[in-house]
Amino acid sequence: MSTGKTIHIRGTVQGVGMRPTVWRLAQQFGLVGEVWNDGLGVTIQAWGTSAALEEFIRQLPLQAPPLAKIGEINCLTLDAAPQVKEFKIIASRSGDARTAIAADAATCPACLAEISDPGNRRYRYPFTNCTHCGPRLSIVTGIPYDRCNTAMAAFPQCPACQAEYDNPADRRFHAQANACPVCGPELWLEDPDGVRIQQAGLDAIALSAELIRQGHILAIKGIGGFHLACDAGNERAVSTLRQRKQRYDKPFALMGRDIAMLSAYVRLSVLEQQLLSGPAAPIVILNKQGAPLAAAVAPGDDKLGCMLPYTPLHHSLLQALDAPMVLTSGNRSEEPQCITNEDARLRLTGIADYWLLHNRKIAHRLDDSVLRVMDGQPRLLRRARGFTPQTLTLPSGFERLPPVLAMGGELKNTFCILKDGQAILSPHIGDLENAEVQIDYRHLLDAYRQLFDFKPELIAVDLHPNYLSTQYGLKWATQNGLKMINVQHHHAHVAACMAEYGLALDSRPALGIAMDGLGLGAAGQLWGGEFFKADYRRYERLATFQPLPLLGGVQAMRQPWRNTYAHLKHYFDWRNLSTEYAELDIIRFLNAQPLAVFDKMLAKQINSPLSSSCGRCFDAFAAALGICREAISYEGQAAIGLENLAAPVFEKQRGQGYRHASETADGLMLLSWRPFWLGLFHDLRQRQELSVIAARIHHGFAQAIVETTLVLSERIGSDTVILTGGVFQNRLLLEEVSRLLRLAGKTVYSPSKLPASDGGLAFGQAIIAAAHT
Ligand SMILES: [Zn+2]
Ligand SMILES: [Zn+2]
Ligand SMILES: [Zn+2]
């Protein structure tokens, strides 16, 4: 007796080999029927014995292919009798395959085995892939996700590849990027004059490895853009790369052949090994140990950003090189990485010595994702290749919402789409101050609208009128007659984290703590050290850091010592202080600056806006210790330097943190750093180790945040605490504050799947806008 069922599978199940899996299972259980892609996933109609059907349904999630992300499986009983005598994969029902794009995935073990096997027709072929691995978002140019709508359209399949593509039992059934040396893209090596370099007996990869070994710098076209590569053990090569790229301080990332090779240089937990080896293959920030590499890889840092090969090209190159290589984004300082051969030849002239190129187009620029395990959880610091466009499920209460487009912030921009109860965050785009990045932003906005068949009905932007993202959103809303909502920066940070952890739309307000760089607050003030009572619709500011002037506006962001002077000038009488501590290095340094000019600026309130930023506080204390005192060359550098300095002695200094003070006026609690500075100056005068002072600064901040939190959580009657904002990318601070709050019985959430920095802001903007409808 035959039973029939209609089965809907929802989630990321298209373009990842779900239908062939269904087909194989159906064969195994002797079912008849059909499977096809629909608007929301995969639909199956199947008939068989009820026992077989039941087991089939039970096996679906268990046997799902590696890249599938099953959201839910719904079953309905079918009354009709089967019209077919076998089980078939049928073409997508026209026009409604909507959400078919998966994230790019690292080479799977089966493909790796093929490219390593001299007898295989894909031996060392750099573009080998299958339904379980290979490029996805980086090559897609339209929907539905079929070969004709990808960068592979230019490469018609040879008969052997076509046979794989057509065979449901094959791992390459409907693998849109399927290719082989006969029909697929081609790799070659060029010199600066554009002349292809050849040498008998060596292919382009073997030649490249040889050049890297000799100390040359190569531009290498990857999945989502160009990289610059050199031998990570060659001090001269790495320093040359820094000079040519004009990237003097920011650490370079490293690619090692396998876990064993990386283990010689970094400590790896089981979780970190899993993250490195997973299909997303991100850069993972790890602690250095053992054998040294060139010091210029990550100067003055006790950490190293590491990744494993994620394309056949990388695998073969590292096999040949047999040593770790620096792999950093292929760009000039501050610009986005190149994605076309022409662009790379032009813009990387003077940086690269040779170019390893291929003729598969990159449709969308995708940086490497970066993550770090902190407080026991992986934390994405940059979300791009391998993670986008994976959707985020929205908390309950957000099921029925209009399509929302959130434009993101100004730095580390991403934008966010809300659609069909899901959020799709764009990959990391970059700092919109840069004109090249703006072009990329507009390109991706257009691409996402098309790929996800998306028409916004509501636009969400930051409160800051000068952010390019705000201006672009306003223009869009005006031109299309759409409603626009301005969202406060730190409220967006808090809401993004609440939604990531699934706090329901109508859940009680939580205590949201945003320790951040800068964001516009109410009444034109600049905020960044905030304690909110917040839900998705409202926030109330309960406590903040003492607002202090940013001397010279944006200059205060670039030159940390300006914040030191602003602090000292506010909390003390400068003349008395500088006389009393005249022997201290920082006092001598400050006295050598044109302080009279600043005093005038302060007196007249010119170009010195007040800000309660936590990031600038870290800058002020770091500069007092001589860390990045005069200037920083990338955002957060001073705080990172302070964290590195403190890490080795952090545990030992517990209980020795500097004290803060607080007062409450008009219901707003204000945290002051006067006693903090006195403690620090005392230690400086005692010639205390700088690492000890750095650790006490961290403990002092952690203590200030925890004590304030405990008072406020009592006041609002909530034990749920959100820790977010860019400053919580500091491991010591995040782990210490979380530990102490958990000890006090609080439930602590901090961003994991999205960056705590402005990289996660757009999700918060979108969810707040949705909550207002
Ligand atoms: Zn594969
Ligand atoms: Zn082929
Ligand atoms: Zn922010």
Side-chain angles (χ1 to χ4, degrees), residues 16-17 20 65-67 102 104-116 120-122 125-136 147 152 155-166 170-173 175-186 279 281 309-312 315 408-414 431 462-464 467 469 487-497 512-521 526-530 532 557 611-616 635-636 724-729 751 754-765:
V16 293
L67 300 183
D104 299 73
T107 309
C108 74
C111 287
L112 184 56
E114 289 175 347
I115 62 160
S116 313
N120 192 283
R121 71 189 189 94
R122 289 190 173 87
Y125 180 58
F127 306 96
T128 302
N129 69 86
C130 72
T131 43
H132 304 156
C133 73
R136 292 288 192 283
R147 193 176 181 96
M152 292 304 292
F155 304 96
Q157 293 183 90
C158 68
C161 287
Q162 188 69 48
E164 295 166 337
Y165 184 91
D166 292 334
D170 195 280
R171 198 171 94 243
R172 295 194 167 91
F173 177 72
Q176 304 302 349
N178 189 24
C180 78
V182 174
C183 64
E186 174 196 8
Y310 56 84
T311 69
H315 278 289
E410 179 82 347
L411 301 178
K412 302 185 170 76
N413 179 280
T414 57
D431 297 350
D462 193 90
L463 265 186
H464 203 306
Y467 282 4
S469 53
V487 180
Q488 200 280 321
H489 189 96
H490 303 103
H491 188 204
H493 271 302
V494 170
C497 184
I513 299 170
M515 293 294 136
D516 202 26
L518 286 178
L520 191 63
L526 292 166
W527 293 357
E530 313 305 322
F532 289 164
M557 256 65 88
S611 145
S612 53
S613 163
C614 178
R616 296 298 82 76
E635 201 212 355
T724 185
V727 177
F728 275 119
Q729 293 186 335
L754 298 180
S757 69
D758 289 4
L761 200 66
F763 182 47
Q765 294 173 345

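We count ligands from 1, going down the list as the structure has it; atoms in each ligand are counted the same way.
Of all N/O/S atoms in Asp758, OD1 sits nearest the Zn ion (ligand 3). When the N, O or S atoms of Asp516 are ranked by distance to the Zn ion (ligand 3), OD2 comes first.
Centred on the Zn ion (ligand 1), the SG atom of Cys108 and the SG atom of Cys133 lie at an angle of 120°, reported to 10°. Here Cys183 contributes SG and Cys158 contributes SG, and at the Zn ion (ligand 2) these two atoms make an angle of 120°, given to 10°.
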| Residue pair Phe127, Met152: steps toward the side chain to side chain contact (heavy atoms under 4.5 Å, CB included) verdict | CA-CA 11 Å; Phe127 306 96; Met152 292 304 292; over 6 Å; no

| task | Could you check Val494 against Glu530 for side chain to side chain contact (heavy atoms under 4.5 Å, CB included), going step by step and ending with a plain yes or no? | result | CA-CA 10 Å; Val494 170; Glu530 313 305 322; over 6 Å; no

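Look at His132 and the Zn ion (ligand 1): no N/O/S atom of the residue is under 2.8 Å from the metal. Inclusion of His490 in the first shell of the Zn ion (ligand 3) is not supported: no N, O or S atom falls under 2.8 Å.
Note on ring orientation: taking the six-membered ring where Trp is involved, the planes of Tyr467 and His464 are parallel (angle under 30°, cut-offs 30° and 60°). The aromatic rings of Trp527 and His490 lie parallel to each other, with less than 30° between the two planes, well short of the 60° mark.
Arg136 pairs by the salt bridge (charged side-chain N to carboxylate O under 4.0 Å, His left out) definition with nothing, not counting sequence neighbours.
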